[in-house]
Amino acid sequence: METPLSHLAHLEITTPDIEASARFYEEKFGMRIIDRVDGNVYLRCWGDYYRYSLVITEGPEASLGRMAWRTNSQAALEAAVARVEATGVQGTWTAGGHGFGKAYEFTGPYGHHMRLFYDVEKFVAEPGFESIYPDRPERRSSHAAAPRFLDHVTVASSDVRGFAKWYNEALGFRVMAFVDLDEAPITVFSVLTTNEKSHDLGVVLDTSKRAGRVNHIAFWVDATEDLLRTADVMMENGTPMEYGPSIHGVGEQNFLYFRDPSGLRVELNSGGYRNYVPDWDANTWKPSEGSNNFYKNGAMPHSMTESFPPAEGFTATEEGASAEMKEALLNPYAKQGRG
């Protein structure tokens with residue numbers, strides 16, 4: 001079965017203070033504001049081939065407004081829509097939006113808003129931003145912390161394997177890995193990909209009743225030295241690191257996590273493997289094997305279990321689950337009426 005999707009094209013995030021978030025991504029993180037349209041702010045990384053990869057929109061709280069995926073062709077877009085609708089999910093065709101053409105928008109079975117399109121505006125650098133490398137869309141940023149491009153998004157779901165199964169069957173994502181608790185066969189994490197990367201979509205287990213939540217958005221830099229420099233520069237300018245730098249076992253990326261002004265978690269990656277195997281059989285990791293932190297020499301902060309928007313319940317990570325979440329998952333008497 002052919003994969004209809006090519007890659008993650010852009011993300012829309014919401015924040016109660018658009019200007020504070022825009023300043024953060026431009027001044028501290030090194031992205032570039034490329035457009036302001038209808039109150040929304042559009043930003044790009046210096047290596048983005050399309051006009052933008054991040055859209056900041058106004059909302060009452062930090063959340064993922066939408067994830068947008070480009071298909072491999074116009075025919076692939078039509079095929080993807082047919083596959084989505086065959087599962088019983090119904091969406092809406094639109095004429096397109098800022099920087100992209102005809103699109104299909106729908107809400108997945110676990111509450112995440114999706115956009116699929118093929119036609120897109122390719123970025124052409126303005127005078128003064130051209131690169132001496134013909135294959136680069138613009139010159140490398142002079143900002144010490146600037147990411148090269150958007151890498152992935154990790155969302156939260158009430159059923160990790162069910163989520164992976166639907167996105168595999170409906171949209172052709174390859175399922176690359178799972179993480180199950182050491183204590184029981186409960187899946188708390190999975191990674192999926194549309195291409196040769198280890199993942200461009202992740203999913204963590206969520207026990208809340210609020211569908212469509214996000215755990216983090218992620219960007220990519222060329223080398224581990226760039227990632228370390230980003231941590232240094234951002235800390236010097238008042239943004240603490242939430243977790244890392246270190247290396248994931250699943251995916252083998254170097255990572256660090258921090259927060260934007262709305263509280264939304266942002267990850268920066270470098271490295272990671274490339275996998276071209278069409279019939280890849282996803283391995284199931286255990287947290288004890290270093291699924292989240294392969295060095296196993298540092299404790300993940302409890303704050304990493306927060307997803308967005310806030311909701312009552314628990315969120316897992318590649319690290320597994322907190323003691324409170326394990327109690328809820330493993331103890332049938334923890335909730336009245338479940339014994």
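No experiment lies behind these values; they were computed from the predicted model shown.
- Residues V204 and T317 share a closest heavy-atom pair of CG1-CA, 4.1 Å.
- A231 and L256 make their closest contact through CB-CD2, 3.6 Å (heavy atoms, listed as atom of the first residue, atom of the second, distance).
- Judged by distance alone, the side chains of T14 and S63 do bring a donor and an acceptor atom under 3.5 Å apart.
- A chain of hydrophobic side-chain contacts below 4.5 Å, direct or via other Ile, Leu, Val, Met, Phe, Trp or Tyr residues, connects L5 to V153.
- Residues meeting the ring-ring contact (aromatic ring centres under 6.0 Å, His included) test with F29, sequence neighbours left out: F219, F258.
- For A282, the side chain to side chain contact (heavy atoms under 4.5 Å, CB included) partners at least two apart in sequence or on another chain are V175, F178.
- Taking all atoms of both residues into account, the shortest heavy-atom contact from Y110 to G162 is OH-C, 3.3 Å.
- Ion pair R83/E78 not flagged as a salt bridge, since none of the NZ, NE, NH1 or NH2 atoms sits closer than 4.0 Å to an Asp/Glu carboxylate oxygen.
- The closest side-chain donor-acceptor pair between D159 and S157, if any, does not fall under 3.5 angstrom.
- In terms of heavy atoms, K102 sits closest to L77 at O-CD2, 3.9 Å.
- Side-chain atoms of W69 and H7, non-hydrogen and from C-beta on, never get closer than 4.5 Å to each other.
- Taking CG of L8 as the start and OG of S53 as the end, the distance is 8.5 Å to the nearest 0.5 Å.
- A single hydrophobic cluster is not seen to contain both V55 and L264; linkage of ILVMFWY side chains at heavy-atom distances under 4.5 Å, directly or through other members, places them apart.
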Quiz item: Given R66 and E105, is the salt bridge (charged side-chain N to carboxylate O under 4.0 Å, His left out) satisfied, shown in steps?
Solution: CA-CA 9 Å; R66 183 173 284 102; E105 308 208 1; 3.1 Å; yes
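- F294 and V191 fall within the same hydrophobic cluster, where Ile, Leu, Val, Met, Phe, Trp and Tyr residues are linked whenever their side-chain heavy atoms come under 4.5 Å apart, directly or through other members.
- Atom-to-atom distance recorded for L268:CG and D151:CG is 9.0 Å, nearest 0.5 angstrom.
- Put simply, the residue from E319, E324, K326 that forms a side-chain hydrogen bond (donor to acceptor under 3.5 Å, both in side chains) with S322 is E324.
- In this structure R161 satisfies the salt bridge (charged side-chain N to carboxylate O under 4.0 Å, His left out) test together with D180, sequence neighbours excluded.
- Rounded to the nearest 0.5 Å, atoms CZ (F100) and CG (L116) are 11.0 Å apart.
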Please tabulate, for the side chains in residues 118-130, all donor-acceptor contacts under 3.5 angstrom to protein atoms that are two or more places apart in sequence or on a different chain.
unit_1: E126; atom_1: OE1; unit_2: R32; atom_2: NH2; d: 3.1
unit_1: E126; atom_1: OE2; unit_2: R32; atom_2: NH1; d: 2.9
unit_1: E130; atom_1: OE1; unit_2: G128; atom_2: N; d: 2.8

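- Interatomic distance, CE of M300 versus NE2 of H302, reported as 7.5 Å (0.5 Å rounding).
- In the hydrophobic clustering of ILVMFWY residues, with side-chain heavy atoms under 4.5 Å counting as a link, V84 and F117 come out apart.
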Exercise. Would you please test E312 and R210 for salt bridge (charged side-chain N to carboxylate O under 4.0 Å, His left out) and show each step?
Key: CA-CA 8 Å; E312 288 192 14; R210 192 166 188 177; over 6 Å; no
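- Side-chain contact between R36 and Y42 is absent, with no heavy-atom pair separated by less than 4.5 Å.
- The side chain to side chain contact (heavy atoms under 4.5 Å, CB included) check on T92 picks up nothing, with sequence neighbours excluded.
- Two residues are said to be in side-chain contact when any heavy atoms from C-beta on lie closer than 4.5 Å; R174 and N275 meet this criterion.
- Taking a 6.0 Å sphere around CD of Q90, one finds it holds more than 12 heavy atoms contributed by other residues, nucleotides or ligands.
- Between N215 and V155 the shortest side-chain heavy-atom distance does not fall below 4.5 Å.
- Of all the heavy atoms in G39 and I18, the pair that sits closest is O-CD1, 3.3 Å.
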Quiz prompt | side chain to side chain donor-acceptor pair (under 3.5 Å) between Y104 and E85, worked out | solution = CA-CA 11 Å; Y104 186 76; E85 293 187 342; 2.7 Å; yes
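- By the 4.5 Å heavy-atom criterion applied to side chains, L43 and Y52 are not counted as neighbours.
- Residues T284 and V179 fail the side-chain proximity criterion, which asks for heavy atoms closer than 4.5 Å.
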Quiz prompt | From CA spacing to verdict: side chain to side chain donor-acceptor pair (under 3.5 Å), T15, D17 | solution = CA-CA 5 Å; T15 173; D17 189 337; over 6 Å; no
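- Evaluation of the side chain to side chain donor-acceptor pair (under 3.5 Å) test over residues 248-263, restricted to residues two or more places apart or in two chains, returns Y25-D260, S198-Q253, H199-Q253, T224-N254, E242-R259, H248-Y257, H248-E267, H248-N292, Y257-E267, R259-E306, D260-S262.
- Between W46 and M31 there is no side-chain heavy-atom pair separated by less than 4.5 Å.
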Self-check item: salt bridge (charged side-chain N to carboxylate O under 4.0 Å, His left out) between R148 and D226, worked out
Solution: CA-CA 10 Å; R148 184 166 188 144; D226 297 320; over 6 Å; no
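- Residue K165 qualifies as open at atom NZ: its count of foreign heavy atoms under 6.0 Å is 12 or below.
- With respect to D48 and R136, no salt bridge is recorded, no charged nitrogen being found less than 4.0 Å from a carboxylate O.
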Self-check item: Evaluation steps, ring-ring contact (aromatic ring centres under 6.0 Å, His included), between Y243 and F255
Solution: CA-CA 8 Å; Y243 188 33; F255 69 85; 5.2 Å; yes
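- Of all the heavy atoms in L201 and Y167, the pair that sits closest is CD2-CD2, 4.1 Å.
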Practice problem: Show your reasoning for whether ring-ring contact (aromatic ring centres under 6.0 Å, His included) applies to H112 and F106. | Solution: CA-CA 8 Å; H112 301 94; F106 66 95; over 10 Å; no
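- Taken together through direct or relayed side-chain contacts under 4.5 Å among Ile, Leu, Val, Met, Phe, Trp and Tyr, V160 and M325 form part of one hydrophobic cluster.
- Classification of the H216-H152 ring pair by plane angle, with boundaries at 30° and 60°, yields perpendicular.
- If you check the side chains of H10 and R51, you find no donor sitting under 3.5 Å from an acceptor.
- Within the model, atoms CZ of F149 and SG of C45 stand 9.0 Å from one another, a figure rounded to the nearest 0.5 Å.
- Ion pairing between E289 and K296 fails under the 4.0 Å rule for side-chain N and carboxylate O.
- When atom types are taken as modelled, the side chain of T154 and the backbone of V203 share no donor-acceptor pair closer than 3.5 angstrom.
- Counting non-hydrogen atoms of other residues, nucleotides and ligands closer than 6.0 Å to CG of N237 gives a total above 12.
- Atom CZ of F189 is separated from atom OG of S291 by 8.0 Å, given to the nearest 0.5 angstrom.
- Between D232 and R229 there is no salt bridge, since no side-chain nitrogen of the basic residue lies less than 4.0 Å from a carboxylate oxygen of the acidic one.
- Between V277 and D281, every side-chain heavy-atom pair lies at or beyond the 4.5 Å cut-off.
- Residues Y133 and R140 bring no donor and acceptor atom of their side chains to less than 3.5 Å of each other.
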